[in-house]
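Beneath this line is the structure, given in structure tokens, with notes to follow.
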Amino acid sequence: MTKDSDSFEFHDLQGLLRFGYGRLTDTNFMLLRIVDVGSAKQWLAAVDINNAESVSPPPERALQIAFTVRGLRALGVGEPVIAGFSDEFIQGMAGDESRSRRLGDIAGNAPEYWEWGRGDAALPDLLLLLYARAGGLDEWRSSIQSEQFSRAFSVLKELPTLDIGPIEPFGFPDGISQPDIDWAFEQGTDPHQRDSYSNRLAVGEVVLGYRNEYGLYTDRPLIDPRQDAAAALLPDAADHRGMKDLGRNGSYLVLRQLEQDVAGFWRFLDQASGSEPKAREKLAAAMVGRDLNGAPLITSVADAHGKQPANRFTYTEDPQGHQCPLGAHIRRSNPRTGDFPSEVTGLFSRLKKIFGFGLQRPDEDLVASTRFHRLLRRGRSYGPRLTPEQALDPAAPAAARGLQFICLVANIARQFEFVQNAWSMSNRFAGTQDESDPLLGHRQPLMSGESTDQFRRQDARGPAQITSAMPQFVQVRGGGYYFMPGLRALRYIASLPPGTGEGK
Ligand code: HEM
């Protein structure tokens, strides 16, 4: 059995798993269909994909690649191998009505209204992510679109992106909180050391083929090299002697095009706060959980000089949501809980919690332990910048604006889908009622008739301040689940004859 190596195989990992490529401000996300399988394989066998070894010196440009299940099948990955991928990946983001309901993809968010990613006609085979320095994208794109490329692929859609600085279109700094991946395998496996929140995350939570936070290996396709000689190219499976691992150094990439009604957001907030600029900003910050400078609303963690750490905080000191509302976007997306609430230390308390006795606070739910539900976010914005002040001007220029939301995870169901469903869309998160994520919610009433269009700011001085009848600010325009292979796995896929690949 191979152990998780001491030095990570960065040469086999696509760079996006380690770097955000922030200096490469210009991006183009191309959704492709394969039109000629032979040419596609030749192109894929030769293409230069940036690995994760180093960004020093910083690259001038970068190229990353990921496949849908449709694309893998088109390239000849056989059904026994496909069956080794997760059900969510195989079914796709829009492949099942109950999944759509769980993700909040109903009413105006429903796949039937998407611009891409649903039905067969609008389903891509692969995603190319192009990154370039300011002004360098056109040249980068034309150098990629060789004659062979044009024979191999047709462009289904190029997703718009535009660099508006390190903020998202509503105007808040983005990309502040990311998990700290334990590339050097330093983290202990003793679960008792994991009672409190830690930002450190096992490699296996974002990369397949390594131990995850349960100390286990996430399912992925393993191939017997005795039945498929081409599999000799692949890395060994760490948990199955003699098997080759198609997943190792790969990841699942979740892509969602989320259109943001920036004018609608600021106009609603203006109205809800009596056109008082300070109150408007305060309400917006409460919805996000950070202010317009990116500072967290949790103030109890300031240092001796009154300085707020950007990311070193939890909600332990604010169980009632008096500093940061319980339903704020960042609190829902990462409640920063450990395996046990902070005061649970002794054996007796642990057993009491394990068996569910003595729950006094809504956030004492053990299921909500955050380390099993982290996301590595790599999205980019699109549409021209509109400041909050400009947004309030009725003559503000209309334009499509939003986020090409990307996250990388090893388990789509346990990570992205759980966060989206149980935390963002749920109107029962941490004891909240009649509300879902203030940024992302679709605002449709539940089947029980309960509403989801409110937002509460808990207040130590009295009853919560309620904002009602919130419109939808974010609409889903498309989406999909992709497999981002390790670089040896990419070469293996490119080398397959049509219709082969025996799997476990
Ligand atoms: C248009 C849609 C969205 C907007 C405008 C938005 C905006 C933001 C902002 C401003 C932050 C705070 C900055 C930071 O900590 O990096 C943030 C954090 C975060 N968002 Fe979103 N977001 C959107 C969609 C989503 C979606 C779809 C998910 C996942 C399902 C998500 C998950 C997260 C997570 C995990 C964090 C970090 C929370 C933390 O660790 O404190 N976001 N988002």
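Indexing begins at 1, ligand by ligand and atom by atom, following the structure's order. The residues of the chain are indexed from 1 along the displayed sequence.
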Legend entry - atom 3 (C) of ligand 1 [closest protein heavy-atom partner, distance rounded to 0.1 Å]: Leu403 CD2, 3.7 Å
Inset, instruction - Give the C-alpha distance, both sets of side-chain angles, the deciding distance and a yes or no for side-chain contact (heavy atoms from CB on, under 4.5 Å) between Gln187 and Arg211. - result: CA-CA 11 Å; Gln187 182 173 262; Arg211 284 183 204 280; over 6 Å; no
Inset, instruction - State plainly whether the residues Arg428 and Glu450 are in salt-bridge range, i.e. N to O under 4.0 Å. - result: yes
Legend entry - Nitrogen or oxygen atoms of Ser424 and ligand 1 under 3.5 Å apart: no
Legend entry - Close approach of Phe473 to ligand 1, heavy atoms, under 4.0 angstrom: no
Legend entry - Atoms of ligand 1, numbered as shown, that sit under 4.0 Å from any heavy atom of Phe172: 10 (C)
Legend entry - Which segment of Pro173 sits under 4.0 Å of ligand 1 when only heavy atoms are counted: backbone
Legend entry - Output field: ring centroids Phe10/Phe8 closer than 6.0 Å: yes
Inset, instruction - Look at the rings of Phe172 and Trp266 and say which category their plane angle falls in: under 30° parallel, 30 to 60° tilted, over 60° perpendicular. - result: parallel
Inset, instruction - Taking atom NZ of Lys157 as the centre, report whether more than 12 heavy atoms of other residues, nucleotides or ligands fall under 6.0 Å from it. - result: yes
Legend entry - Note: Glu186-Arg200 ion pair, threshold 4.0 Å (strictly below): yes
Legend entry - Neighbour count above 12 (heavy atom, 6.0 Å) for Glu317 CD: no
Legend entry - Proximal atoms of ligand 1 relative to Gln420 (non-hydrogen, under 4.0 Å): 27 (C), 30 (C)
Legend entry - ligand 1 N/O within reach of Ile176 N/O, cut-off under 3.5 Å: yes
Inset, instruction - Can you sort out which atoms of ligand 1 are near Asn334, meaning under 4.0 Å from one of its heavy atoms? - result: 38 (C), 39 (C), 40 (O)
Inset, instruction - Assign the ring pair Phe89 / Tyr252 to parallel, tilted or perpendicular, where the plane angle (0 to 90°) is split at 30° and 60°. - result: tilted
Inset, instruction - Run through the protein N/O/S atoms less than 2.8 Å from atom 21 (Fe) of ligand 1 and write them out by chain and number. - result: His329 NE2
Legend entry - Cationic N near anionic O, under 4.0 Å, Arg414 to Glu88: no
Inset, instruction - Verify, without hydrogens or angle tests, whether Arg332 (side chain) and Ser426 (backbone) share a donor-acceptor contact under 3.5 angstrom. - result: yes
Inset, instruction - Out of Pro179, Gly289, Ser177, Pro296, indicate the one that has the non-hydrogen atom closest to atom 15 (O) of ligand 1. - result: Ser177
Inset, instruction - Please confirm whether Gln260 comes within less than 3.5 Å of ligand 1 when only nitrogen or oxygen atoms on both sides are compared. - result: no
Inset, instruction - Hey, can you tell me if Tyr214 and Phe372 have their rings parallel, tilted or perpendicular (30° and 60° cut-offs)? - result: parallel
Legend entry - Atom indices of ligand 1, in the order listed, that fall short of 4.0 Å to a heavy atom of Leu258: 1 (C), 2 (C), 27 (C)
Legend entry - Enumerated ligand 1 atoms positioned under 4.0 Å from heavy atoms of Leu375: 29 (C)
Inset, instruction - Keeping the roles fixed (side chain from Thr218, backbone from Leu208), state whether a donor-acceptor pair exists under 3.5 Å. - result: no
Legend entry - Aromatic contact, Phe313 with Tyr315 (centres under 6.0 Å): yes
Legend entry - Element-labelled atoms of ligand 1 that are located less than 4.0 Å from some non-hydrogen atom of Arg336: 39 (C), 40 (O), 41 (O)
Legend entry - Ligand-side contact atoms (ligand 1) for residue partner Gly175, heavy atom cut-off under 4.0 Å: 14 (C), 16 (O)
Legend entry - Per-residue contact class, Arg256 against ligand 1 - non-hydrogen pairs under 4.0 Å: neither
